[in-house]
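Remember, it's a predicted structure, so these values are computed and weren't measured experimentally.
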Amino acid sequence: RKGFELLTSGTMCVELESGGRRTERLCKDITVHRKHVWARHYVDFPGGKTKLGVTMTINGNVYSGFGNFNSWYRLDTVSFRWQEMANIPNLIDFNAFAGFSIEGKGYLVGNNSILYEYDPASNSWTNKGQLPQLVSTILNLGAFDNRESYSYPVLGVSEGGKGYFGIGNMYYLYEYNPETNEWKQLTDRPERGEIGDHSFAYKGKIYAGKYEYDIATDTWKKGGDDFSVDVGFSPGFVPFNGVMYGGLAGKTVQVDGEKVTEVDLGGATQLIIAPTGLYGNGAVTGDIIVFPRLMGVLGYDENSWMYYLDK
């Protein structure tokens with residue numbers, strides 16, 4: 001029965017125990033010939049299925065959770081398992097569809113229109129106050145029979161020491177300044193967000209589907225590439241090796257702000273096909289990009305989680 005997964009080369013040690021007796025530890029050097037690998041982990045992401053989970057990197061660690069649950073996990077890169085962390089206490093009927101990290105803290109926007117700050121050092125959450133507009137208005141949550149069916153990707157990114165939130169099924173974009181604990185409404189996106197759009201921030205710009213936003217000038221323009229599942233991009237984009245990594249039509253690609261190019265796989269031939277038809281948020285730790293709880297453009301949700309290994 002499969003009980004572990006080898007991701008990288010190293011030393012593997014085994015001990016057997018039965019009836020209070022334990023064998024000597026047996027260690028062996030293991031070489032894993034895997035590079036540029038895309039794979040689903042054989043153990044599901046904990047907590048059940050939900051749309052629009054929140055994923056971010058804080059101090060080199062990947063955290064993920066929420067969506068339609070009040071639960072929060074950190075990826076243990078030794079065991080490659082998710083460890084349950086503190087949730088937000090005293091909440092009922094809570095959802096959170098987007099967040100971002102700034103200077104070693106995580107930030108989460110709830111459907112109650114409150115911003116919460118996560119401190120990994122104390123494993124605790126702090127209420128930072130209300131947004132200037134109701135989240136139900138910003139994302140158009142009231143147009144859906146229930147929040148469990150809301151499939152429009154919600155923007156949650158950080159860039160230049162500030163956080164950005166909004167769009168979903170609407171046009172709105174807000175900027176958060178952690179130094180002053182203040183929000184500012186920015187120029188609306190020219191069109192509503194669409195199911196399957198990917199969003200990410202890179203070098204002073206925010207890319208959201210077919211549009212890109214210039215932070216310095218507070219302006220939107222039609223992008224050179226349509227970052228959506230419809231044209232083959234999947235499962236999302238994560239900052240890695242100085243550029244943004246993702247997938248296009250089954251190939252691993254990188255975005256440098258100007259063009260999309262295929263990643264040189266260095267001769268690798270096994271498990272190199274990037275997933276298709278999926279969208280969601282990812283984060284990076286070391287040589288691994290993690291995409292928990294992805295959504296399918298045709299409506300299905302992933303309870304398994306995917307990773308890309310570049311080592």
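Between Asp197 and Arg189 there is a salt bridge, since a side-chain N of the basic residue sits under 4.0 Å from a carboxylate O of the acidic one. A salt bridge does not link Lys162 with Glu179: every distance from a Lys NZ or Arg NE/NH1/NH2 to an Asp or Glu carboxylate oxygen is 4.0 Å or more.
Heavy atoms of other residues, nucleotides or ligands lying less than 6.0 angstrom from CD of Glu258 number 12 at most. Annotation for Glu17: atom CD counts as buried by contact number, over 12 foreign heavy atoms lying within 6.0 Å. Heavy-atom contacts from other residues, nucleotides or ligands closer than 6.0 Å to CG of Leu265 number more than 12.
Using a distance-only test at 3.5 Å, with no hydrogens or angles considered, a donor-acceptor pair links the side chain of Thr23 to the main chain of Leu16. Remark: the backbone N or O of Thr285 is not paired with any side-chain donor or acceptor of Asn61 at under 3.5 angstrom.
By the 4.5 Å heavy-atom criterion applied to side chains, Leu108 and Trp125 are counted as neighbours.
In this model, a donor atom of one side chain and an acceptor atom of the other lie less than 3.5 Å apart for Tyr211 and Glu191. Asn59 and Tyr63 share no donor-acceptor pair across their side chains, judged by distance under 3.5 Å alone. A donor-acceptor contact closer than 3.5 angstrom is absent between the side chains of Asn95 and Tyr150.
Side-chain rings of His198 and Tyr207 stay apart, their centers remaining 6.0 Å or farther from each other. Here Phe165 and Tyr176 keep their ring centres 6.0 angstrom or further from each other. Annotation: Trp305 is not in aromatic contact with Phe291 [ring centroid separation under 6.0 Å not met].
Aromatic ring orientation, Tyr116 versus Phe94: perpendicular (interplanar angle above 60°, classes split at 30° and 60°).
Shown here for Glu194 and Pro153, the closest heavy-atom pair between the two residues is O-CD, 3.5 Å. Here the closest heavy-atom approach between residue Thr55 and residue Ala283 is recorded as CG2-CB, 3.7 Å. Closest non-hydrogen pair, Leu91 versus Ile88, comes out as CD1-CG2, 3.3 Å. Considering every non-hydrogen atom in both Tyr164 and Ile215, the closest pair reads OH-CG2, 3.3 Å.
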Donor-acceptor pairs under 3.5 Å, side chain of residues 232-241 to any protein atom, not counting sequence neighbours: which ones?
from: Ser234; atom 1: OG; to: Pro275; atom 2: O; distance (Å): 3.2
from: Ser234; atom 1: OG; to: Leu278; atom 2: N; distance (Å): 3.1
from: Ser234; atom 1: OG; to: Leu278; atom 2: O; distance (Å): 2.8
from: Asn241; atom 1: ND2; to: Tyr245; atom 2: OH; distance (Å): 3.3

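Residue Leu139 is tested with Asn169, Val154, Asn111 for a side chain to side chain contact (heavy atoms under 4.5 Å, CB included); the sole match is Val154.
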